[in-house]
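Reading through the structure tokens given below for one structure.
Keep in mind that the numbers below use all heavy atoms, side chains included, and drop hydrogens, waters and symmetry copies. Quantities reported herein were computed from a predicted structural model and do not represent experimental measurements. The sequence lines fix the lettering, A, B, ..., with proteins before strands; numbering per chain opens at 1.
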Amino acid sequence: MLKYIGVKSIDELYSDIPEELLIDEGRWASLNIGFGRPLDEPEVHALVKELLSKNVTSKVPPFMGGGLWPHYVPAAVTEIVRRGEFLTAYTPYQAEISQGLLQALFEYQSMMADLLDMDVVNSSMYDWPSALGEAALMSVRIKGVKRVLVPETINPFHLRVLETYTRPQGIAVDKYKVDLSTGYADLEDLKAKAGQGASSVYLEYPYTFTGVVDVNARAIGEVAHDSKALYIVGVNPLALGLYKPPGELGADIAVGEGQPLGLGLYYGGSTLGILAVGWSSELVRQMPGRIIGLTTTKDGASRAFTMILQTREQHIRRSKATSNITTNAALNAIAAAVYLALLGPKGLKELAESIWYRSHYAALRLREAGFKAPALSGEFFEDLIVETPVSYEGLFRRLAAEGLYAGIPLAKYANWAKDSWGLLSFSELHTKEHIDILINSMKEVN
Amino acid sequence: MLKYIGVKSIDELYSDIPEELLIDEGRWASLNIGFGRPLDEPEVHALVKELLSKNVTSKVPPFMGGGLWPHYVPAAVTEIVRRGEFLTAYTPYQAEISQGLLQALFEYQSMMADLLDMDVVNSSMYDWPSALGEAALMSVRIKGVKRVLVPETINPFHLRVLETYTRPQGIAVDKYKVDLSTGYADLEDLKAKAGQGASSVYLEYPYTFTGVVDVNARAIGEVAHDSKALYIVGVNPLALGLYKPPGELGADIAVGEGQPLGLGLYYGGSTLGILAVGWSSELVRQMPGRIIGLTTTKDGASRAFTMILQTREQHIRRSKATSNITTNAALNAIAAAVYLALLGPKGLKELAESIWYRSHYAALRLREAGFKAPALSGEFFEDLIVETPVSYEGLFRRLAAEGLYAGIPLAKYANWAKDSWGLLSFSELHTKEHIDILINSMKEVN
Amino acid sequence: MTFRQAAWDEPLIYELSEGRRGLTFNGMNRRFKEILGDVRVPEELRRSSEPQLPELSEVEVVRHFTRLSESSYGVDNGPVPLGSCTMKYNPKEALRVAFDESLQLLHPLIPDEYVQGLLEALYRLQEWLASITGMDICTLAPAAGAQGEFSGVAIIHRYHELKGQRQLKTEIIVPDSAHGTNPASAAMGGFKVVEIPTAEDGNMDYEAFRAALSERTAGLMLTNPSTLGLFEQHIFDIAKDVHSVDGLLYYDGANLNGILGRARPGDMGFDIAHLNIHKTFSSPHGGGGPGAGPVCVKDRPVKDGITLRDLLPGPIIVYDEGSKLYRVSWPGSNSAGLIRFGIGNVPQLLWAFVYIASLGPQGLREVGEVSVINTNYFIARLLRETKGYSVPYGPERPRKHEAVISAEPLLNETGISAEDVAKALLDRGFYAPTIYFPLIVKEALMVELTESETKENIDRYVDALKEIEEMARRDPDLLRRAPTNTSVGRVDTVKANHPRFVTPTYRVARLRQQGKQLILR
Amino acid sequence: MTFRQAAWDEPLIYELSEGRRGLTFNGMNRRFKEILGDVRVPEELRRSSEPQLPELSEVEVVRHFTRLSESSYGVDNGPVPLGSCTMKYNPKEALRVAFDESLQLLHPLIPDEYVQGLLEALYRLQEWLASITGMDICTLAPAAGAQGEFSGVAIIHRYHELKGQRQLKTEIIVPDSAHGTNPASAAMGGFKVVEIPTAEDGNMDYEAFRAALSERTAGLMLTNPSTLGLFEQHIFDIAKDVHSVDGLLYYDGANLNGILGRARPGDMGFDIAHLNIHKTFSSPHGGGGPGAGPVCVKDRPVKDGITLRDLLPGPIIVYDEGSKLYRVSWPGSNSAGLIRFGIGNVPQLLWAFVYIASLGPQGLREVGEVSVINTNYFIARLLRETKGYSVPYGPERPRKHEAVISAEPLLNETGISAEDVAKALLDRGFYAPTIYFPLIVKEALMVELTESETKENIDRYVDALKEIEEMARRDPDLLRRAPTNTSVGRVDTVKANHPRFVTPTYRVARLRQQGKQLILR
Ligand SMILES: Cc1ncc(COP(=O)(O)O)c(C=O)c1O
Ligand SMILES: Cc1ncc(COP(=O)(O)O)c(C=O)c1O
């Protein structure tokens with residue numbers, strides 16, 4: 001091939017690179033890259049198995065949630081997303097040869113829309129916090145006020161990400177108060193702050209770091225709208241099998257985390273940012289991210305799918321785009337679509353109930369064991385705060401050493417939390433025995 | 001639907017079954033079937049994980065071979081055979097809609113033919129021993145003498161299966177001697193026995209229960225042919241990366257075990273029977289099993305594949321068929337095809353060398369450690385017999401308790417083996433460290 | 001539904017070969033090479049030339065087989081209503097368990113105490129299968145139904161051998177509706193096969209059976225429900241009769257799906273039965289295997305304290321109360337021998353374990369019921385709405401899991417054959433029924449919908465058959481050109497089997513190209 | 001190669017809905033229900049009606065998505081030579097590791113000491129990426145290249161903020177050949193974007209750049225090699241110039257494949273760089289993600305002992321000699337913030353770990369070399385054998401991993417556009433190149449073959465382009481009707497975006513059907 005190209009050696013193909021920059025083979029091979037030589041596949045396989053076996057996975061599924069949750073990954077989901085035609089495809093720029101991929105993503109958007117009770121869903125963001133960041137920027141583009149309001153008990157990681165997204169543009173992120181006895185938002189405080197002007201008011205639903213489902217969810221939206229702010233609701237989609245969806249709450253924008261929908265935890269590395277809006281031209285035009293739409297072939301003969309409203313995106317609009325996002329979490333969106341299709345409305349309800357039962361059973365047993373649970377008296381779903389007589393972090397560490405991951409020691413991450421508070425999370429993965437083991441161990445270690 | 005059918009209840013659809021036979025719902029539900037109630041998928045998943053975790057898998061790959069061997073399963077093989085279009089297909093009776101499956105099986109047959117140096121390969125048998133049984137029956141159909149000859153050191157499991165296949169038809173399975181100092185066949189004894197008449201002479205190549213590769217392999221075939229018997233050679237296909245293939249040895253029929261070709265062990269539950277013959281009308285017409293052939297479409301426009309020579313098979317010839325086999329190991333044949341395509345001739349040779357290196361390194365270290373290894377002085381490939389000063393079974397059990405599966409205590413299965421003999425097997429899965437650990441532990445425990 | 005199968009016009013993998021590598025083992029040999037030098041193999045044993053395998057990189061291998069797979073069709077693609085095959089859905093969770101990586105390095109001779117998890121699962125399965133069939137004890141060893149049959153025949157052989165009457169017992173009775181494997185298995189066991197015709201009502205012709213029965217009768221092989229989907233109504237009499245001449249009754253369990261949860265072979269008088277894990281218990285057919293064919297027996301006496309269980313030619317798993325361990329018990333000297341090295345096709349067996357555990361007894365019974373309803377609904381619609389298809393043999397009787405319809409009326413009227421119908425179904429995105437089997441039905445279309453198909457799919461399937469019938473009248477030539485939506489059009493099977501053309505391997509094509517005459521006589 | 005894609009005419013999953021269930025959780029709730037009774041949710045929070053999701057059994061779901069997948073096309077199907085995307089082969093062993101089931105239950109807040117295996121792998125990867133780029137330290141956190149860019153822009157912002165010069169530093173310079181994400185990211189960081197034209201020789205117009213450079217310059221974003229596949233020859237001068245006004249240089253690593261093992265951004269003067277794991281390091285694109293976009297910096301001083309590493313908006317993994325533990329170090333108060341909850345897209349990162357471990361430094365260098373040879377061979381053949389395509393901007397210069405060709409000559413001669421060419425390529429079983437990008441090339445066809453394509457595939461690809469050129473002369477209308485071998489013909493994008501038709505969800509279609517006016521203004 002070199003001969004055909006007309007060069008004597010491969011080096012000629014790098015001749016336009018300044019001499020001083022070029023790295024010779026020997027120097028390159030001496031750098032800390034891989035294991036110094038190519039490894040055969042069986043070697044790599046053995047090496048990685050050995051490495052991963054150093055992780056201490058517990059026989060009892062972790063009781064850790066708080067925004068990313070341990071849930072069951074159905075086998076059918078895994079099998080579908082492993083299919084090379086989906087897995088190894090690029091963004092479907094050529095619609096004609098990618099109809100299956102486009103339809104799958106359209107179906108994700110559609111099912112998510114029905115779950116959220118919203119009209120327009122994009123085909124994915126990276127994760128919940130970045131979706132929140134983008135939603136906030138979007139609200140500022142629309143409303144023009146460089147201020148957004150978030151609840152005091154917002155997930156602290158989400159808060160930091162939100163600040164990272166907003167800070168360079170000089171947007172203030174201010175908090176409205178939450179009553180720490182019930183876990184519900186302080187509507188008066190919110191009203192006062194919203195009255196001072198904000199582009200959007202945000203609610204976490206349920207609050208990921210308290211577990212509470214805010215009864216004021218509708219009222220918060222009304223306050224937002226009264227103050228000419230947009231209402232952004234962030235959700236754990238599984239809660240929507242039981243609780244009112246963002247659409248019913250009056251949300252303008254819904255964001256959330258698709259990770260519980262059959263993706264697994266992967267140390268927080270397998271996420272799916274949800275972003276949806278109601279049918280408003282302004283909202284849709286200002287949305288970030290890719291959207292797949294239904295259409296027909298040019299000859300009108302058959303239904304077809306294609307990417308739509310691309311003029312919002314960076315590859316067309318460049319610095320005027322609604323976001324810089326391009327690669328997103330498409331395959332995870334397909335996984336979520338398969339997951340939602342497997343469950344259907346009934347399965348989703350059963351699963352939500354499954355979760356509700358476990359957290360409420362745990363609360364009962366925790367109280368019987370002498371703990372305060374839930375420490376915040378409001379409605380709760382998957383996570384709940386338990387209050388212990390001791391520092392939770394110590395208790396947590398002792399249990400971890402026994403192979404029980406007993407939630408999240410809240411004070412470590414959230415300044416509003418008591419040192420004695422732990423956030424426990426329960427899912428369909430936990431049997432009654434698992435929960436009993438947890439609580440018995442908590443009693444003993446306490 | 002019942003209404004449309006015109007019955008009042010489903011029971012009517014069973015009305016032709018004698019009353020006394022019918023089982024009512026209650027009685028059925030009380031039987032020992034499953035766990036007494038339907039389990040949800042997450043329940044089953046947890047249950048099975050729990051169960052499988054009770055198996056004690058060693059960090060060091062087992063040193064156990066003897067006819068089924070631990071080998072690396074390439075990821076690409078797994079991914080291909082999991083594809084639903086292959087996995088969930090039936091026997092390709094409708095060629096037009098199953099071209100891909102047919103071509104894949106044709107390619108298996110073709111690659112296996114080139115590996116074996118034989119002309120015709122069927123699209124699979126269950127496993128090596130049943131392929132051997134069928135080959136023996138085939139030889140008797142062709143030659144008419146109700147006797148077959150096998151080496152004394154034949155795999156004892158294979159021997160029992162062979163006897164099971166031949167005994168109902170009154171066929172004698174006689175053994176020719178093997179020199180237990182070298183592991184090579186006793187040609188004089190074979191000549192004498194073959195002279196008394198036999199339909200076939202069988203050789204294991206390498207002998208799975210001694211590890212020896214018989215230098216007389218060609219000569220044995222000559223003896224067989226001189227006595228008007230067919231020559232059947234049974235192979236570990238991986239050995240053929242280094243050693244002469246059955247075709248070069250003059251084999252009329254080759255059988256063998258495809259399990260090492262990327263199938264994994266699965267407690268002996270993932271096998272692939274190889275069966276091949278040279279180009280002889282008689283042999284081909286008497287072959288058992290399915291064969292895929294190349295042809296064209298009727299209009300001659302394109303290449304196509306279909307099942308051929310079906311008049312040999314049970315669904316056409318019934319009691320006159322060459323075998324009763326129908327379901328075989330097709331998917332495993334596809335796995336083997338993918339495996340062989342990944343390796344190619346170079347990879348196969350490297351792998352065979354990889355195995356050779358390990359067994360020979362082990363022999364060296366075993367001798368240094370004071371053991372007799374190999375106990376049989378002949379050429380060896382993957383397995384070798386080690387002779388220890390103690391009963392091997394005791395040593396084996398002590399090592400197993402330490403998590404080292406140190407081969408097979410031969411005397412437990414083979415009456416010609418000394419109590420102090422163990423059959424160790426080495427593969428590309430074993431690193432130098434693994435082998436050193438084994439030998440050090442053998443020294444200590446000894 | 002319109003449908004067009006992918007067609008990649010994919011070359012043979014040999015033609016793609018480009019001197020590349022998909023998998024290497026070089027680095028791994030380095031350290032050994034340093035110690036041992038080059039590999040040494042005696043000249044007389046050294047392979048003289050490399051095998052002519054293709055040489056490709058991993059990406060090319062993956063692409064090749066991915067493309068090929070898109071020209072294949074399984075239950076994951078759509079309905080595969082092949083009769084006699086029970087092509088039900090293969091649940092993905094069972095797939096995940098069956099091929100669990102932790103099993104890849106489990107050797108069959110690892111001592112029992114280290115494989116307790118697997119043995120427990122298989123022990124349970126073994127017991128469940130006994131309960132489901134009403135038999136006493138099963139071995140999981142046989143690799144497929146046919147090997148199960150052969151095992152059964154070997155048991156029959158051994159039974160008579162142990163009783164010293166093998167010389168006398170030379171015949172096995174098989175109805176003419178039986179699957180080809182039955183007579184073939186009987187013949188492999190050295191028995192003469194006596195075929196009994198099928199009566200008009202679909203039962204085995206009882207009079208003919210009585211006439212054939214004699215002291216030479218070693219046993220009878222029966223599929224119940226039969227391949228016609230009909231329950232054998234004389235079963236009690238037949239059992240009594242066979243036993244009266246000291247014959248054994250063998251149950252071909254391929255059709256168990258039809259009576260699952262409603263009736264059991266063990267209660268009908270059968271002595272031996274095989275099951276097809278890849279039919280009734282949802283392990284996939286894999287394009288032709290592997291499956292699994294456990295064999296169960298009633299534990300009746302043979303002689304001198306020997307009972308039928310002692311004759312099983314495969315291991316059984318026992319639970320040892322003393323050590324609290326599951327143990328593998330290998331067949332002893334009274335057995336019919338041994339059928340394999342290992343305990344059975346483990347992935348397929350685990351698949352069945354997951355399936356039964358998931359469904360429980362209730363679910364399994366529902367499986368049987370839904371498959372029976374589906375079949376009878378299908379027949380009802382077909383007969384009501386078409387004229388080209390008939391249902392021979394006891395047309396008024398309810399079918400079980402499957403039905404054999406005849407396209408003879410259609411052939412007579414339009415010249416369109418069962419094969420044409422089958423090809424036309426392919427064009428409509430359905431896999432075709434089994435055709436021309438059982439042999440006793442002319443222009444047979446053997447349809448088994450299983451419980452996995454929805455009413456909507458059955459309706460679509462009947463609609464397709466109707467449409468084909470109409471087209472047969474309107475434009476039969478169009479049908480004769482079917483299929484056109486599959487990867488290729490009709491395949492030339494005559495050429496495929498022609499003595500001068502028959503090409504079972506690429507090697508044969510290569511040799512012919514090199515001028516070698518390879519003719520099959 | 002002829003090629004015909006599968007076409008199942010698959011209904012929307014809603015249209016398949018038949019009131020069935022794929023996954024249940026009923027049995028699991030039994031025991032809890034006994035204790036707690038029914039689930040109680042306050043009225044004001046209870047969902048008022050079930051979501052209108054489809055209801056299907058597992059088999060129907062699996063079939064639906066299996067069929068859909070066959071109307072999709074990835075690297076596993078054939079060449080996907082999209083420029084700017086590095087669609088290389090995604091090795092299957094990496095897939096197996098990346099989605100290892102043991103990681104499914106690892107929560108990101110599990111204490112470090114319990115995830116040492118994973119942290120060790122990621123730590124190594126982090127160090128390897130630093131070596132490969134010549135940078136000092138990386139965070140693996142960003143989820144994709146664009147988030148990496150935004151992280152970089154946030155670092156630039158924070159740098160100037162910490163130095164008290166944010167008010168002044170309002171502009172980021174970007175060449176006009178840059179990917180759209182660069183200006184978009186700069187804008188998200190609140191900066192004004194200054195675009196610099198590309199010179200005839202394919203370098204950034206150095207004079208224009210000098211003219212644009214000022215004390216307002218906060219930084220420069222550069223892709224090198226550029227999207228034209230050309231190495232920026234003034235890079236040393238540019239770096240010096242940007243640093244002279246205290247701006248930071250950002251390296252867009254999407255094109256690293258082209259210089260892998262030969263040159264490193266860290267040696268060129270860049271301060272910040274992102275990598276695309278899903279481009280250079282072989283994790284799959286998954287139809288649009290997830291990917292991973294680690295960001296690395298040179299650890300240069302900012303002020304008061306603060307160095308650039310302190311500004312990284314994501315965790316880094318450190319090895320603690322004392323405890324012999326790998327630890328996650330979260331960004332502190334000087335940082336640009338935090339970009340995610342968790343350490344990064346773990347499966348994709350593990351994929352890169354396996355890829356780099358498999359190839360070693362030697363293999364990685366070869367990756368770069370082969371991709372460069374492939375590109376230049378492609379150009380050489382194309383230019384030698386066709387007339388319809390040209391290579392604008394420094395046509396004599398060697399390309400790196402990709403090339404932008406222009407179909408302008410073809411358009412002028414025959415009226416056939418780049419889009420027509422793309423659609424015609426689809427018909428021949430190839431995925432099309434990126435078209436109409438970069439914007440500075442008319443009728444752009446941006447081709448990146450990567451190291452994964454064989455010479456044979458490149459030849460076939462050139463042959464296809466030749467054939468298309470010939471057909472453009474002979475029968476352009478035929479080409480305008482392309483594609484015909486894909487699942488559907490040309491898609492109506494005008495209708496798709498029409499204010500009264502635009503349909504982003506099934507819900508919108510449903511509402512319109514119910515008479516609701518949904519118009520997008
Ligand atoms: C009635 C009947 N008996 C026996 C068999 C043979 O079973 P297997 O294919 O598992 O060997 C079949 C399979 O098609 C069958 O339908
Ligand atoms: C040059 C260049 N920069 C940036 C990006 C954006 O990267 P990502 O898609 O990972 O967000 C791309 C991706 O196409 C690219 O080609």
Side-chain angles (χ1 to χ4, degrees), chain A residues 1 5 13 21 29 31-34 37-38 51 54-56 64 80 83-85 88-89 91 95-97 99-101 110 113-115 120 126 157 160 164 168-169 264 266-269 281 293-295 298 304 314-315 318-319 321 324 327-331 341-342 344-345 350 353-354 357, chain D residues 22-23 25 32 39 50-52 55 61 65 68-69 71-76 104 106-108 114 117 131 143-144 146 157 180 183-185 187 189-190 193 263 284 286-291 337-338 341-342 346 356 360-361 363 376-377 398 486-487 490-492 496 503-507 521:
Chain A
M1 289 168 94
I5 297 170
L13 296 177
L21 266 178
L31 296 175
N32 173 20
I33 297 173
R37 65 169 176 95
L51 217 47
K54 292 189 196 165
N55 298 333
V56 185
M64 303 175 76
I80 294 293
R83 287 182 58 85
E85 295 93 333
T88 71
T91 303
E96 294 83 1
I97 204 168
Q99 282 298 300
L101 175 62
S110 297
D114 283 323
L115 182 60
V120 185
Y126 309 128
F157 292 94
R160 283 197 75 179
T164 308
Q169 294 189 27
Y266 291 91
Y267 199 54
S281 300
L294 187 150
T295 179
K298 277 196 180 161
Q314 49 72 30
H315 62 282
R318 300 179 72 83
S319 67
N324 70 343
T327 292
N328 44 48
L331 194 69
L342 283 173
E350 266 175 34
E353 292 188 345
S354 197
Y357 273 126
Chain D
L23 202 56
F25 303 88
F32 295 100
V39 167
E50 278 180 1
Q52 295 195 44
E55 303 187 85
V61 173
F65 287 102
L68 288 187
S69 76
S71 288
S72 182
Y73 184 111
V75 178
D76 276 6
Q104 274 181 11
L106 278 192
H107 192 278
Y114 302 110
S131 299
H157 165 85
S185 300
V193 176
L338 182 69
F341 180 16
V346 170
I356 299 173
N376 287 287
Y377 173 77
T486 46
S487 304
R490 269 196 222 193
V491 168
D492 191 339
T503 311
T505 56
Y506 188 62
R507 178 184 167 95
R521 277 166 238 279

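- A:Gly268 and D:Pro108 get closest at one heavy-atom pair: N-CD, 3.7 Å.
- Between the CZ atom of A:Phe157 and the CZ atom of D:Phe341 there is a distance of 5.0 Å, given to the nearest 0.5 Å.
- Taking each heavy atom of A:Tyr126 and D:Ala146 in turn, the nearest pair found is OH-CB, 3.6 Å.
- Of the residues considered (D:Leu23, D:Val193, D:Thr503, D:Val39), D:Val39 shows the highest number of contacts with chain A, using heavy-atom pairs under 4.5 Å.
- Counting only distance, with no hydrogens or angles, the side chain of D:Ser131 and the backbone of A:Asn32 share a donor-acceptor pair below 3.5 Å.
- Looking at A:Ala29, the atoms closer than 4.5 Å to chain D (heavy atoms on both sides) sit in the backbone and in the side chain alike.
- Remark: the backbone N or O of A:Glu85 is paired with a side-chain donor or acceptor of D:Ser72 at under 3.5 angstrom.
- How far CZ of D:Phe65 is from CG of A:Leu342: 8.5 Å, rounded to the nearest 0.5 Å.
- The two residues D:Gly289 and A:Thr327 come nearest to each other via the heavy atoms CA-CG2, 3.8 Å.
- The choice from A:Lys54, A:Arg160, A:Glu96 that makes the most heavy-atom pairs within less than 4.5 Å of chain D is A:Glu96.
- Between the side chain of A:Asn55 and the backbone N or O of D:Gly117 there is at least one donor-acceptor pair closer than 3.5 Å.
- Here the shortest heavy-atom pairing between A:Thr164 and D:Gly337 reads OG1-CA, 3.3 Å.
- Residue contact with chain D, scored on non-hydrogen atoms closer than 4.5 Å, involves the side chain of A:Ile80 exclusively.
- At least one donor-acceptor pair under 3.5 Å links the side chain of A:Thr88 to the backbone N or O of D:Asp76.
- Note that CD1 of A:Ile5 is 5.0 Å distant from CG of D:Asn376, once rounded to the nearest 0.5 Å.
- Ranking A:Ser319, A:Ala95, A:Gly293, A:Ala113 against chain D, the residue ahead of the rest is A:Ser319, based on heavy-atom pairs under 4.5 Å.
- D:Thr486 has its side chain out of reach of A:Gln99: every pair of non-hydrogen atoms, C-beta onward, lies at least 4.5 Å apart.
- Between D:Ala184 and A:Arg318, the closest heavy-atom pair is CB-O, 3.5 Å.
- Across all their heavy atoms, D:His107 and A:Tyr267 have their closest contact at O-CD1, 3.4 Å.
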